[in-house]
S.K.: 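Below is the structure I would like to discuss, written out as C-alpha cells.
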Amino acid sequence: MGIPVLPSQRIDHTRDLKRLQIPYPVVLKSQVRAGGRGRVGGVRFAENTIDAIAAAQAIFNLPILGEYPQVLLAEAKYDVTREFYLAVTLDYNARRPVLLGSSQGGMNVEAVMEQMQQVIVEEEFSPFYARRLAVKMGLKGNLIGSVSCILEKMYQLFVQKDLDGLEINPLGVSATGEVMALDGKITVNDAAFNRHPDLAMLAAEMPESEMTKETPLETYNNTSQSSLNWVNRDGNIGILCNGSDLAIAMADLVTRAGGSPRLCLSISEEPSGDLSAASRGEKLEQELERFVQNTNIKVLLVNIVGSAAVNEEVASSIVNYLQRKVNDIPEVPSQATRRFRPRGSDRRYEQKSLPQFIVRLLGSEIDYSSEHFASMPVNWIDNLEDAIAQAVSLAKSTAKT
C-alpha cells in the first residue's frame, strides 16, 4: 500500500541470524497473535550476532498468552522522537468505519487510550477525514500531511481486503520528521476469505496455537458488545477492561506476576475503548454478572481507563451491583471466616458466592473512604502493579484453601 516499513528478515531458527542481511543494531520480534509483546519480553534489541542469538533463544521459549512463536522477525532499529497510534475499524453502533488516532503510541496502553481521538467516516471517504483526525491528535505542520497520507492508505487497505480492523502501533517519527510503521496488525473478517484467496492462503499457512485450540467455557450472546479475548481452563482470575489491547496486556502482566487468568474480557461500545454514557452502567453490571456466574473465578480484576466522570460512574455501578449481591450474603463475625477487609471498613463478609474484587480506575479522584464505597467488599487500588500483585496473592490463597 506504500506505507513505509523497515528492512526485515524472517528468522525460523537462531542459526538464521548468522546470515542476517540487516546491519546491526536490530530488533527481534516474537510473531504471535497477542498484543503487548514488548511488555513481556517478546521484543528485544541486539547490537551484534551473539546478543541476537541469545535474544532469539529467549523469545522462542517465551509463550505469550499460551502461544509460542514459530518464527521471529528481525528488523532494523529505528530511532524515533515521537510515536503515534493509528487504526481503522468499524463502529458497530453507527455501522460506519471509524479512524482512530492517539498522539501517544507504543507499549503503554493506558497512555494510548488517554489520548485517543476518533473520526467516523460518515459518507464516502475523502482525505478530509484523515486530516481531521490528524488535527484532533494535535499534530502540526508537515506531520499533518504525513500522518494523513498513512491514514488514507490504511483506509484503502481496510476497504480493499474487507478487514474488521487495521492498526499501526507505533507509527514512529524520526528527528527529521520521517514517519515509519514500526508495528502493525490486521484483523480479517472470516466471511471475506472467499473473496480474498491471498488472505485465505496466508491464514492456512499459519500454525495453530495453543491459544486458538482453547474452547470457551461459556458461549456469549453475539449481540453483546463485550469481547472474549482469552479463555484458560486452569485459571482462576477474571480480567475486565475497556479495550481489547488493554485486556490482553493485563492478561500478560497477571501471568508474568505468577497468576493464572481464566477469562479475559473487554467491554466497549466505542472503537476507542470508551464506554458510551447511555449504557455504561447497565453493560458493566451485565459483564460483572457473567464473571460471578463462573464459579471457577475466585478473583476479579477490573482495570478501567477513562475520565473522572467515567470512573465515578463505573465505581458506582460496581457498588450498586455488589450492594444487591451482598444483601443476600450474611455477615460473619467470626475472624476465621473473614476473607478480606474492604478499605476503610470493618464490615466482614463470608465470600461464598462472589469472587474477590480488585478494582483499579486510572486517574480516579474518588474518595474510597466514603461510606458509599468503603462499605463494599472491594479492594480499591490506585497503582496497577499493586492491583495485579493483590489479585495474584488472593487467587493463590484461595486455591490453597
Side-chain angles (χ1 to χ4, degrees), residues 1 3 33-35 84-102 105 109 112-113 115-134 136-137 147-169 171 181 183-196 198-200 202-203 212 219-230 241-249 264-280 282-284 286-287 305-306:
M1 300 304 297
I3 297 174
R33 279 157 281 209
F84 302 136
Y85 172 95
L86 300 176
V88 184
T89 185
L90 289 173
D91 185 323
Y92 287 95
N93 291 331
R95 299 182 181 181
R96 299 297 303 169
V98 60
L99 307 180
L100 299 175
S102 174
V109 179
V112 172
M113 297 292 290
Q115 304 297 324
M116 191 68 73
Q117 303 293 329
Q118 68 174 26
V119 171
I120 296 177
V121 182
E122 297 174 343
E123 299 176 355
E124 184 177 353
F125 183 82
S126 73
F128 162 77
Y129 289 107
R131 293 182 65 84
R132 182 180 173 192
L133 179 62
K136 289 185 69 174
M137 291 169 59
V147 173
S148 298
C149 182
I150 299 294
L151 283 165
E152 290 178 44
K153 293 174 180 178
M154 291 174 66
Y155 187 86
Q156 293 169 8
L157 179 61
F158 177 81
V159 173
Q160 288 178 16
K161 298 298 185 180
D162 294 320
L163 303 180
D164 277 343
L166 165 65
E167 72 174 35
I168 294 176
N169 183 34
L171 180 73
D183 201 3
K185 179 173 65 177
I186 68 170
T187 305
V188 183
N189 189 305
D190 290 342
F193 276 124
N194 62 338
R195 296 190 295 274
H196 302 284
D198 55 333
L199 295 181
L202 283 175
T212 58
T219 301
Y220 293 134
N221 191 330
N222 289 333
T223 60
S224 168
Q225 296 299 323
S226 64
S227 173
L228 178 62
N229 297 105
W230 188 34
C241 299
N242 58 322
S244 297
D245 285 344
L246 180 59
I248 292 174
C264 182
L265 287 169
S266 67
I267 174 172
S268 169
E269 280 203 276
E270 301 298 333
S272 63
D274 194 14
L275 305 176
S276 67
S279 60
R280 185 181 298 131
E282 178 183 353
K283 293 182 65 56
L284 181 60
Q286 289 174 356
E287 300 307 326
V305 179

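Side-chain atoms are counted along with the backbone in the values below, which use heavy atoms only and exclude waters and symmetry mates.
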S.K.: Which heavy atom of L151 sits nearest a heavy atom of L133, and at what distance?
M.R.: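 Nearest heavy atoms, L151 then L133: CD1-CD2, 3.8 Å.
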S.K.: Closest heavy-atom contact between E122 and Y129?
M.R.: N-OH, 3.5 Å
S.K.: Which heavy atom of P97 sits nearest a heavy atom of F158, and at what distance?
M.R.: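 Nearest heavy atoms, P97 then F158: CB-CE2, 4.1 Å.
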S.K.: Report the distance from atom CE of M154 to atom SG of C149, rounding to the nearest 0.5 Å.
M.R.: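 It is 12.0 Å, given to the nearest 0.5 Å.
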S.K.: Start with the C-alpha distance between V188 and K161, add both sets of side-chain angles, then the distance that settles side chain to side chain contact (heavy atoms under 4.5 Å, CB included), and finish with yes or no.
M.R.: CA-CA 8 Å; V188 183; K161 298 298 185 180; over 6 Å; no
S.K.: Can you tell if the side chain of M137 reaches within under 4.5 Å of the side chain of L86, non-hydrogen atoms only?
M.R.: yes
S.K.: S148 and R131: which non-hydrogen atoms are nearest, and at how many Å?
M.R.: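 Where S148 meets R131 most closely, the heavy atoms are OG-CA, 3.3 Å.
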S.K.: With a 4.5 Å cut-off on side-chain heavy atoms, are L99 and F125 touching?
M.R.: yes
S.K.: Nearest 0.5 Å please: distance from the SG atom of C241 over to the CD atom of E287.
M.R.: 12.0 Å
S.K.: Testing the basics here: between K153 and M1, what is the closest heavy-atom pair and its distance to 0.1 Å?
M.R.: CD-O, 3.2 Å
S.K.: Verify whether one side chain among N169 and D183 offers a donor that lies under 3.5 Å from an acceptor in the other.
M.R.: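 Looking only at side-chain atoms, D183 and N169 do not form any donor-acceptor pair under 3.5 Å.
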S.K.: At their closest point, which heavy atom of Q118 faces which heavy atom of K136, and how far apart are they?
M.R.: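 Shortest heavy-atom contact: O-NZ, 2.9 Å.
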S.K.: In Å and rounded to the nearest 0.5 Å, what is the CG to CG distance from L199 to N194?
M.R.: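 These two atoms lie 11.5 Å from each other.
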S.K.: Any heavy-atom pair between the side chains of V121 and Y155 that's under 4.5 Å?
M.R.: yes
S.K.: Does the side chain to side chain contact (heavy atoms under 4.5 Å, CB included) test come out yes or no for I168 and I3, once each step is laid out?
M.R.: CA-CA 10 Å; I168 294 176; I3 297 174; 4.0 Å; yes
